[in-house]
Structure formats: structure tokens, C-alpha cells
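Report on one structure; see the data block that follows.
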Amino acid sequence: MSDGRGMGKHMGWQGLKDRVRGGFLARLARDTRANTIAIVAAALIPLCGMIGGGFDLSRMYIVKTRLQHACDAGALAGRKSMGGGTWAQSSYMPRTMAERFFDANIASDAYGSNTITKSYSENAGKVTGTASAILPMTLMRVLGKTTETLTVTCESEMRLPNTDVMFVLDITGSMNCAAGDTSCSNNGGVPAANSKIGGLKTAVKCFYEIVARLDTNANCDGGAPSGGTGSQVQVRFGFVPYANNVNVGKLLPTAYMADTASYDTRQFLGKEWTDWTFYGNYYRNAQNNCSGVGPADTADANYRANPTTVGSTPACRVDVKRRVAQWKYGFLPLDVRGLKNGNGYNASFTAQIGDDGTMATIPWSGCIEERQTVQATSYNPIPSGAKDLDIDLVPSAGDETTRWKPSLPDAIYERQVLSNWNQLNAATVDKTSDNYIRFSDYNGYYCPTEARKLQQWNDATAFQNYVDSFVASGNTYHDIGMVWGARLMSPTGIFASENAYTPQGGEIERHLIFMTDGDSTSAPCDYNAYGLHFFDKRQTNDVGTAGECFNQRTSLSDQINARLEGLCAAIRNKNITLWVVSFGGGVNATTETRLQNCASPGRYFKADDPAALQRTFKSIADQISALRLIK
């Protein structure tokens, strides 16, 4: 049996070892300082992926943004260079232009990218592009992502704003001549080879092709367009062809046209018997002794026969007296209500001005005489009394000075022209009716092709047929063309309800294109929008003598030029872009300066021949259109 101290000693040592062993291991298990290395090592892979992902995603965003910008730039450049032509036009390739602009807007190795590709195509006027780039990854490679392919698309089309274009076109006689031919006045009324009127028709059609995106029969630079402008935009064209006058009357509400107006005409006063005059000799026989010899009496002619001899032969002398019309000649009122037909117009009316006092049919082609004017040396600003130059003045009921009247050459009688013209403006009674001349029998009268209000021309054939109807003739009155171009497009004038906004209430951009081939020309015996200058003297009293009646008159041309200058300023002040084109060469320096001053800033062009005119009209059309390219 052992003593208690030995047993206790043995158990103490073992317990001590157990206590030491248990404390170390516990502390070791609780100690994390050695685990940090392992944890960090294990976390490095996902951590690199997260950091690399953020870095590479930023690169992807930047590259895709640059890729989109380059794609957009190419699409815009390709569509702009295409203009009104085709995608495959031969003079230059819009696709090539698109690719050049793409390349200029992105580096070939942008942010480490490679294999950058681009592709452009066109359909119905819309250019579509696709571009892609392969971007190598950096830190994302640790996750197995080595590259990323980025792709963008873009498109561009020529989309105009709501646009009104009014053509004011000189179609006077000189337009029949070839460009640069200063010896030609009207080429006998027939267009010459390579005539200016032919060049004008082609240029206008090609302008239409660019803006309306519809094909005409013209051979235009750039090929045939397609697709139209779509229903989301309103594009309208109007026309004012001008010469001595403008053909606008039938476009006006009938309330704007006078019911009674004064003209250089005549008024029937009734009939009176003339004195007896010799009618003729008849052989007589002895039995009737002149009884019953000669014509039988009528209501307007009585005959008498008296014995006489013709040599040694017995005869009857027959005399006659006639009941002839009595006329008053002068600036006289004429009832023109017969031209009105409800809300429209008739092509003619009747008036008692026919020979022998009968009713005569007076035709009307649509040209007008202007309303009240004043004589001045400057029309900038427009004088208050010059209602003829007031673009927006709406006719007032009861105020005849604000209404227009029809131009009626068949009602015009020039007084005393077969004698000494000494009673030109006097009210005269002419019993024999031999001291007058009917204007339309002896004078040329020029009423141009009927003007057109602003309208959408969705039918290219109708457009080209209208342009082909232009016939060149007459003298050059720039002012009458310009004022009516402005009136037909003004948003605040006689057609405000049609012109102020689109039917949907949209805003409209307005462009007036004025084209002329030369200086103003006029003559005192022209019958134009101001009547017969020689008799009426509305613009100036300086009309010369009867012998100068058909010659060019400087005082009249000065009036045309001064009125044109005032109108140009008034149009520019209406927020209408005024484009002016001088065509054909040979225009004097003073006229060139006047036309240049007429145009809106930077909107004056000079075209010496038909090819240059087409390029000029194309440039105008491209500027109107290309400035509105949208993506």
C-alpha cells in the first residue's frame, strides 16, 4: 500500500501536461494572424477580376462612345454628300465620304481596340451604318474573358423642317436667247439652242428633285432621287412667273376684285345720222329715171339716187347716210362684275363697247392692274399711300383703292393715235370712230403663265408640266413679280389663314427665290399692272412723246428699280430668306449691285449659263435641306 503523497505526485504531473497542452492548442486555434496570408491569397483572383472589370468596362464605354460618334459622323457625311442625288452617283461616292468621316473620328487602335469595321448603305434616302470594334481585355483575362466585340448602329436622313419655297421667275422675252448673247432681244419669240428659258426649267426641276425627293424628266446632276419627304413634314412650292405683269387674279377671292373699275376705254352714247356721202354711180334707163336705183334702206343706212351722167352716159348718183355709233373716249368706268361667278371667276364678260354699239365679249386671262400707288423717288420704307407695294394690306369693303382690277387689253382704246395725239387725256366724242386704236389689235400684250399659290406637289409629273408651260415674252417689271411673290407666301397678309402655320399648327421656314436675267425694261405704251403708262401716268409723269411710246424709258425703269429696292427690304424684314440669282451674264454693274443688295446676307448668286444655273439652284436646295440633317 503506497502512501498518499506518491499517488498525488503522479497525478499532478499528468494534469500539468494536460493543462499545458490544452492551452497552447486553444490559443493556436484562436490566433488568426497566420490565416491572413491564406485568405488574401485566396481573394486575389476575384479581386483582380472585380478591379479589372471596372477598368475594362470603362474602356468598353469609351470605345463604344467613340465608335458611335464615328458612325454618326459617317452617316451624316454620306447623306450630306448624297444631297438630292443617289447613293451610287458617279461624280463622287457618298459611301466613300461616309467611310472617310468615320475614319477621321476614331483612331484605328482606340484604347487598344483592333479590327474596327464599318458598313454604310442607303434605302429611300436614309443612310444606315453599322460599326464594330474588338477590344482586348486586360485584368478580366483572369476570369477567362479575353476580348469583347462592341457594335453600334446609326442612321441619317434629309429631313426638312416645314418649308415654303416661292419661285419668282423672270420669263421675259430675253429668256428666249442663249446665255451671254447680248445682241438678242427675244430671238423672234422662239427659244434659241441652249436658251435661258430652257436652262431655267431644268434648274427648277432639279431643285424640286433635291428638296421634294421625287424624280422629274430633267437630266439632273446626281441622278434620280426617290422616297419623297414623308408625311411628317410639310414642304410646299409656289410660283410667280413675271414679265410685264403677273397672272394672279384668279387666285384672289372675288371680294378682293373690283366690281367697277376705270380703264382707257370708250362709252357708247347712242347713234346719230351722218351727212349724205357719195355711195356709187349706177347706169339708168329712161323708163325709171333713177327710181329704185341703189340698195334698199335699212334701219342704219338710207340711200337716195339722182340723175347724173358718167361721161356722156346717163347714170344715177347714189348717196348714203348712216346711223353710226357715237362714242366717248377716255379713262372711263367699266362694269366688270360679269367676271365673277360666285366664289370663282368666268373667263370673259360682255360690255357694250363693240363696233356699232353692240355687246362685245371681253376675255380675261388672269392678269391684274394694281391698286392705288404714289409717285416717289424712294420706296424704302414703303410710303403709306403706296397700297400697291403693301405686302399684307387686305382689301377693305367699300374702299376701292385697296382692291385690284382685271387687266383687260380688249377693253383698251388708245385715243387719237391716228391723228396728233392732242387729246390723250381728254374726254372726247368721236362721231366717225376713226381717231382711236383698239390696243389688242395693234399692240403686243404679255400675260405670263398663271401663278401658283404655295402647295404640296406630291405629283412630279404635275410639277414638271407646270414648269414646262413657261413661255418667254414681254418686258421686265421686277417689282410686280417681287411684290406678288411676297404676297402669296406672307404669313400675315391676304393668305394668312393658309400660310401662318401648318394644319397641325407647326412653324414654317420661308424661302423666296428671285431669278432674273437682266435689267428692268419698260416702255410708255406697255399695258402692265399700272395701266397704259402713256395715258395714265400712275408711277411717273415722264412718259415722253407719242413717237417714243414704244421705246425704253429710263424714268419708268428707275421707278421699277426703286420699288424693287423697297420691296426687298420689306421682305427681308418679314423673316423670309430672300435668295437672288442673276442669270445669263451681260447684266450691268449697277444692276448686279442692286440685286446683291436685295438678297439676304450671303444669299446672292451669279450664274452665267444654264449649267451654272443648275449648280446654283442645287446649292440653294442643298443649303435649305442639308442644314436640317438629323440623325
Side-chain angles (χ1 to χ4, degrees), residues 240 242 244-265 267 330-340 343 345 349 351 362 364 366-409 411-412 425 427 447 451 477 479-488 490 492-497 522 526-541 543 556 559-560 562-564 566-567 569-571 574:
V240 179
Y242 75 92
N244 290 46
N245 210 324
V246 288
N247 192 333
V248 299
K250 295 178 182 179
L251 304 180
L252 298 172
T254 54
Y256 292 178
M257 195 69 68
D259 293 326
T260 300
S262 293
Y263 296 86
D264 295 294
T265 188
Q267 186 180 87
F331 191 63
L332 303 170
L334 190 64
D335 187 343
V336 296
R337 287 174 295 177
L339 284 176
K340 299 182 180 182
N343 293 325
Y345 292 95
F349 72 106
I362 310 299
W364 182 45
C367 281
I368 52 92
E369 287 195 36
E370 262 300 340
R371 48 196 183 183
Q372 177 180 287
T373 191
V374 296
Q375 295 183 4
T377 56
S378 173
Y379 296 88
N380 187 14
I382 304 297
S384 59
K387 298 176 183 178
D388 61 317
L389 301 180
D390 192 321
I391 295 170
D392 287 342
L393 179 62
V394 177
S396 302
D399 185 354
E400 291 302 310
T401 66
T402 64
R403 296 211 282 182
W404 293 276
K405 59 183 181 179
S407 181
L408 303 172
I412 301 300
N425 290 309
C447 186
Y477 288 73
D479 52 346
I480 193 64
M482 187 67 85
V483 70
W484 278 99
R487 281 178 178 145
L488 291 183
S490 173
T492 52
I494 58 179
F495 297 110
S497 61
S522 60
D526 281 341
Y527 180 35
N528 74 335
Y530 294 91
L532 282 169
H533 293 303
F534 194 91
F535 295 92
D536 301 334
K537 302 180 175 67
R538 297 184 198 173
Q539 295 163 301
T540 177
N541 293 322
V543 295
L556 289 174
Q559 277 288 307
I560 294 170
R563 290 166 185 262
L564 177 65
L567 287 167
I571 291 170
K574 292 185 68 63

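On a predicted model such as this, the values are computed, not experimentally measured, just so you know.
Between the side chains of Y477 and D526, at least one donor-acceptor pair of N or O atoms lies under 3.5 Å. Side-chain contact check for Y527 and E369: at least one donor-acceptor pair (N or O, by modelled atom type) lies under 3.5 Å.
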> Going through the distances and angles, do Y345 and W364 end up as a ring-ring contact (aromatic ring centres under 6.0 Å, His included)?
Replying inline: CA-CA 9 Å; Y345 292 95; W364 182 45; 5.3 Å; yes
> When you look at L339 and K405, which way does the side-chain contact (heavy atoms from CB on, under 4.5 Å) test go after all the steps?
Replying inline: CA-CA 11 Å; L339 284 176; K405 59 183 181 179; over 6 Å; no
>> Please determine whether side-chain contact (heavy atoms from CB on, under 4.5 Å) holds for the pair W484 and N247, giving the CA-CA distance in whole Å, both sets of side-chain angles, and the decisive distance to 0.1 Å.
In response: CA-CA 10 Å; W484 278 99; N247 192 333; over 6 Å; no
> Does the pair I412 and L532 meet the rule for a side-chain contact (heavy atoms from CB on, under 4.5 Å), with working shown?
Replying inline: CA-CA 9 Å; I412 301 300; L532 282 169; 3.3 Å; yes
>> Between N245 and S407, is the side-chain contact (heavy atoms from CB on, under 4.5 Å) condition met? List the steps.
In response: CA-CA 9 Å; N245 210 324; S407 181; 4.1 Å; yes
>> Working note: Q559 + Y379, criterion side chain to side chain donor-acceptor pair (under 3.5 Å); need CA distance, chi angles, decisive distance, verdict.
In response: CA-CA 9 Å; Q559 277 288 307; Y379 296 88; 2.7 Å; yes
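Using a 4.5 Å cut-off on side-chain heavy atoms (C-beta onward), D259 and K340 make contact. In this structure the side chain of R337 never reaches within 4.5 angstrom of the side chain of F349, judged on heavy atoms. Annotation: side chain of C367 is not in contact with side chain of V246 (no heavy-atom distance under 4.5 Å). By the 4.5 Å heavy-atom criterion applied to side chains, V336 and T260 are not counted as neighbours. Residues P406 and I368 have side chains not in contact (no heavy-atom distance under 4.5 Å, counting atoms from C-beta outward). Looking at heavy atoms from C-beta onward, L334 lies in side-chain contact with L408 at the 4.5 angstrom threshold. Side-chain contact between Y256 and V394 is present, with heavy atoms from C-beta onward closer than 4.5 Å. The side-chain heavy atoms of T373 and Y530, taken from C-beta on, include a pair separated by under 4.5 Å.
One finds no salt bridge joining R563 and E370 here, because no Lys/Arg side-chain nitrogen approaches an Asp/Glu carboxylate oxygen to under 4.0 Å. Here D399 pairs with K387 in a salt bridge; the nearest charged N to carboxylate O distance falls below 4.0 Å. A salt bridge between K574 and D392 is present, with a side-chain N of the basic residue lying under 4.0 Å from a carboxylate O of the acidic one. Salt-bridge annotation for R538 and D388: absent, with no side-chain N of the basic residue lying under 4.0 Å from a carboxylate O of the acidic one.
Nearest heavy atom pair, residue A569 against residue N380, reads CB-OD1, 3.6 Å. Summarising the geometry of N244 relative to N528, their closest heavy-atom pair is O-CB, 3.1 Å, with the distance given to 0.1 Å. Minimum heavy-atom separation, S396 to T402: N-OG1, 2.9 Å. Here the closest heavy-atom approach between residue G366 and residue C447 is recorded as C-SG, 4.5 Å. Contact record, A451 with V240: CB-CA, 4.2 Å, taken as the closest heavy-atom pair. Contact between P395 and I494 at its shortest, heavy atoms only, is CD-CG2, 4.2 Å.
To the nearest 0.5 Å, atoms CG (L252) and CG (L488) are separated by 8.0 Å. A distance of 7.0 Å separates CG in L332 from OG1 in T265, rounded to the nearest 0.5 Å. Expressed to the nearest 0.5 Å, how far CD1 of I480 lies from CE of M482 amounts to 12.0 Å. Taking CZ of R487 as the reference point, atom CG of L567 lies at 8.5 Å (rounded to 0.5 Å). The CG atom of L556 lies 11.0 Å from the NZ atom of K537; values are rounded to the nearest 0.5 Å. Rounding to the nearest 0.5 Å places CZ of R403 at 11.5 Å from CZ of R371.
Atom CG of N343 sits in a sparse spot, with 12 or fewer heavy atoms from other residues, nucleotides or ligands closer than 6.0 Å.
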